Amino acid sequence: MNIETLEFFGAMAGHQRLGPDAMVLRGFALPFVSELMPSIADVEAVSPFRHMVTPSGFTMSVALTNCGALGWATDRRGYRYTAIDPESGKRWPAMPDVFARLANEAATAAGFNDFDPDACLVNRYLPGARLSLHQDKNERDYEAPIVSVSLGMRATFMFGGLKRTDPTIKVSLYHGDVMVWGGVDRLRFHGVMPLKEEPHPLLGSQRINFTFRKAG
DNA sequence: CAGTGACC
DNA sequence: TGGT
């Protein structure tokens, strides 16, 4: 893939370090995209995107689904990982091989060997959708990193500290970028600013994000 | 408790 | 737009 192609799809090659154990792998997922897209449709066919409700009673602007043995879910009772999709009553769809392969290779590129995720949260952002600052802390242990794959429209990602009130840095995430954080950065607060409408040539006015985790 | 939103 |  040449640099003109990378620029057309919105990603520059290279790495950007955000912390001792946190980095953006620019365009890392681009070679996987043609395999990824049909797999999203397969997942969605079994477990459709839906807007979940937080314990505080707010409906999330991001629509989500999951694949893998465990899926992240929220309702009035709290956050948790489940083996069963509460909407369908069935297991979350299996994690497609290409998902696991991408997650493992990205983790390795960022310095985390043998990443074997059992959960993939799939988030769909339409214009205006956002995700407030939060920590990923429902996982059983924090040894494994978080691997986050961006597809479609650009997002402004916020990366903060270990306290919600710590200052944040903002970084644009483009189609094909993969963000990896673990180690001393594993529990840093992070979120996504409301998406601006900047249609993407492949996905149109949406952003799809995969977040891979070792949850169980 | 909270992955939100209102208000300054 | 950033902080509370």
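Naming convention: chains lettered A, B, ... in sequence-line order (proteins, then strands); numbering from 1 in each chain. Note that the structure is predicted; figures quoted are calculated from it, not measured.
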Does Gly191(A) reach a base, just sugar-phosphate, or nothing at all? Heavy atoms under 4.0 Å.
nothing

How many whole angstroms separate atom CZ of Arg164(A) from atom C1' of dG5(B)?
12 Å

How are the rings of Phe212(A) and Phe99(A) set relative to one another: parallel (under 30°), tilted (30 to 60°) or perpendicular (over 60°)?
perpendicular

Taken to the nearest whole Å, CE/Met52(A) to C1'/dA2(B) is 15 Å

Over all strands shown, is Asn138(A) touching base, sugar-phosphate only, or nothing at heavy-atom distances under 4.0 angstrom?
base

Carboxylate-amine/guanidinium contact Asp114(A) Lys214(A), below 4.0 Å:
no

In whole Å, I'd like the distance from the NE2 atom of His51(A) to the C1' atom of dT4(B).
15 Å

Between dA2(B) (P) and Tyr79(A) (OH): distance, integer Å
8 Å

Using a strict cut-off of less than 4.0 Å between a Lys/Arg side-chain nitrogen and an Asp/Glu carboxylate oxygen, indicate whether Arg213(A) and Asp136(A) qualify as a salt bridge.
yes

Does OP1 or OP2 of dG5(B) have a side-chain N or O of Arg130(A) closer than 4.0 Å?
yes

What is the distance from CE of Met193(A) to P of dG3(C), rounded to the nearest Å?
11 Å

Separation of dT4(B) P from Met158(A) CE (nearest whole Å)
10 Å

Does Lys170(A) have a side-chain nitrogen or oxygen under 4.0 Å from the phosphate oxygens OP1 or OP2 of dG2(C)?
yes

So Thr54(A), base contact, sugar-phosphate only, or nothing? Heavy-atom distance under 4.0 Å.
sugar-phosphate

Is the closest basic N to carboxylate O distance between Arg26(A) and Asp177(A) below 4.0 Å?
yes

Round to the nearest Å and state the distance from Lys196(A) atom NZ to dT1(C) atom C1'.
11 Å

Using a strict 4.0 Å threshold on nitrogen-to-oxygen distance, state whether Glu35(A) and Arg101(A) make a salt bridge.
yes

Whole Å only: how far is the OH atom of Tyr81(A) from the C1' atom of dA2(B)?
14 Å

Test side-chain contact (heavy atoms from CB on, under 4.5 Å) on Tyr81(A) and Glu139(A) and set out the steps.
CA-CA 8 Å; Tyr81(A) 282 94; Glu139(A) 299 72 32; 2.6 Å; yes

Which of Asn209(A), Val33(A), Leu202(A) passes side chain to side chain contact (heavy atoms under 4.5 Å, CB included) with Leu151(A)? Answer is Val33(A)

Could you write out DNA chain B as a dot-bracket string, with dots for unpaired bases, | for bases paired across to another strand, and Watson-Crick or G-U pairs counted at under 3.5 Å?
.....|||

Under 4.0 angstrom between Ser56(A) side-chain N/O and dA2(B) OP1 or OP2
yes

